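All heavy atoms count here, side chains included; hydrogens, waters and symmetry mates do not. All figures in this text were calculated on a predicted structure; none of them were measured in a lab. Just so you know, ligand 1 is whichever comes first in the structure, and atom 1 is the first atom listed for that ligand.
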Amino acid sequence: MKYHQNFENIISRKFSKLIVSPDMVKPSQDNLEVIGTFNPGVITCEDMTYFLIRVAERPKEKREGYYPLPKVENGKIAVNWQKMENLTVLDERAVVSKADGFLCLTNISHLRLAKSKDGINIDSIAEVPTLFPEGPYEEYGIEDARITHIGDKFYITYVAVSNHGIATSLVSTKDFVEFEKHGIIFPTENKDVVIFPEKVGGRYVAFHRPLSANPLGPPEMWMSFSPDLINWGHHCCVVKACSDCKVVKAQKVETTRSCQRRRATDWDFMKVGAGAPPVKTKEGWLEIYHGSFKAHEEDTVGIYCGGAALFDLNDPNKLIARAKRPILVPETEFDRRGFLNNIVFPTAVALDSDDLLVYYGAADTYTAVTKLSLHDVLKAAKS
Ligand code: MAN
């Protein structure tokens with residue numbers, strides 16, 4: 001597929017590698033199949049890289065005229081068989097019940113630990129779930145971990161999905177064996193919460209992505225501050241969807257959310273959300289985030305790319321630069337073909353001397369890593 005020039009990569013990848021695919025992971029129950037191992041939280045500490053991979057599963061059994069909708073009940077994934085005629089398919093991920101208008105997911109996720117000594121080749125993957133959905137706020141699964149190392153602990157944010165909505169919870173661990181749950185830190189609807197690796201001006205800092213039920217504007221990246229990682233406040237919007245936000249003409253773009261008066265050629269015109277916990281560079285806090293757009297009417301969720309933005313080191317809610325074009329577009333076969341095509345969803349980065357290793361979910365199916373020159377990324381951000 002040829003993209004509009006606004007979607008073309010402005011920098012070249014040094015390499016890309018698929019590192020975890022669904023066939024490498026055992027299902028959590030015999031009646032389920034693993035369809036995705038993606039959007040990993042990743043952190044490197046003392047010569048070991050830890051991955052918390054989102055493992056998406058769906059029921060193996062098929063019944064003519066029915067949809068198997070998974071849900072956690074009594075610590076297990078149960079299947080709710082719903083007549084297809086009573087549902088409207090929203091996209092590959094979700095159906096809507098015609099009776100009450102509520103969404104149900106077609107697959108359900110948990111988090112699984114994998115380890116790697118070199119950060120690129122996986123040495124081991126847990127045989128059973130590491131963090132499994134539990135309680136009333138997680139009955140439709142837990143998704144998209146982001147890991148930040150502060151002091152002697154790893155802090156993990158993840159998305160908790162239930163019929164209460166989509167919220168973000170926090171857990172911490174010292175060893176990836178024992179986990180302490182801290183509950184929901186951003187209530188519904190909020191996701192893409194990533195915590196900065198150190199306090200700035202005496203406060204913890206996080207990006208988050210609230211979603212307004214009233215489509216007054218597109219989903220955008222916000223920032224907030226906390227004395228203790230639990231209580232967050234001083235919220236402000238720091239990155240708006242659409243890097244070049246001029247309105248050229250009223251244009252109706254069907255999304256599940258809104259009709260948007262913006263240019264359909266902007267790579268991030270549908271939404272933006274934080275990706276990886278930011279890294280500290282001489283130029284500022286570097287954030288690799290995601291944005292999405294619809295290239296064709298038939299695209300369901302749209303195309304997801306990675307972008308780069310820089311924030312002031314001492315005053316992080318000050319955006320100092322932002323790349324006009326994406327720095328990562330779906331490029332490899334595994335980015336382009338999967339459960340959902342054309343998705344690059346960055347969730348972690350690691351500095352590797354003069355390079356940046358970017359870990360991401362590819363096509364909502366795989367965990368992948370790519371290497372970019374840090375100099376190229378900073379130059380792109382300032383372009
Ligand atoms: C949303 C979330 C992510 C997913 C992307 C792309 O942002 O559901 O988990 O990877 O869409 O489908």
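Annotation: Glu143 places no N or O atom under 3.5 Å from an N or O atom of ligand 1; distance criterion only. At least one N or O atom of Arg93, backbone or side chain, sits closer than 3.5 Å to an N or O atom of ligand 1. Residue-to-ligand polar distances keep Lys271 apart from ligand 1: every N/O pair is separated by 3.5 Å or more.
Annotation: atom 2 (C) of ligand 1 to nearest protein heavy atom, Lys191 NZ, 3.4 Å.
The nearest non-hydrogen atom to atom 3 (C) of ligand 1, considering only Val344, Thr347, Leu105, Asp144, comes from Asp144. Considering only non-hydrogen atoms, atom 4 (C) of ligand 1 lies nearest to Asp364 out of Thr365, Val159, Asp192, Asp364.
The aromatic ring centroids of Tyr360 and Phe345 lie 6.0 Å or more from each other. When ring centroids are compared, Phe176 and Phe154 come within the 6.0 Å threshold. Remark: aromatic rings of Trp285 and Phe196 are close, center separation under 6.0 Å.
Taking every non-hydrogen atom of Leu340 and a distance limit under 4.0 Å, the qualifying atoms of ligand 1 come out as 12 (O). Taking every non-hydrogen atom of Arg54 and a distance limit under 4.0 Å, the qualifying atoms of ligand 1 come out as 9 (O).
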Carefully, step by step, assess Tyr359 and Phe51 under the rule ring-ring contact (aromatic ring centres under 6.0 Å, His included). CA-CA 10 Å; Tyr359 296 93; Phe51 293 73; 5.5 Å; yes
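The heavy-atom pair separating Phe334 from Ala362 by the smallest distance is O-CB, 3.5 Å.
Remark: the backbone N or O of Lys26 is paired with a side-chain donor or acceptor of Arg112 at under 3.5 angstrom.
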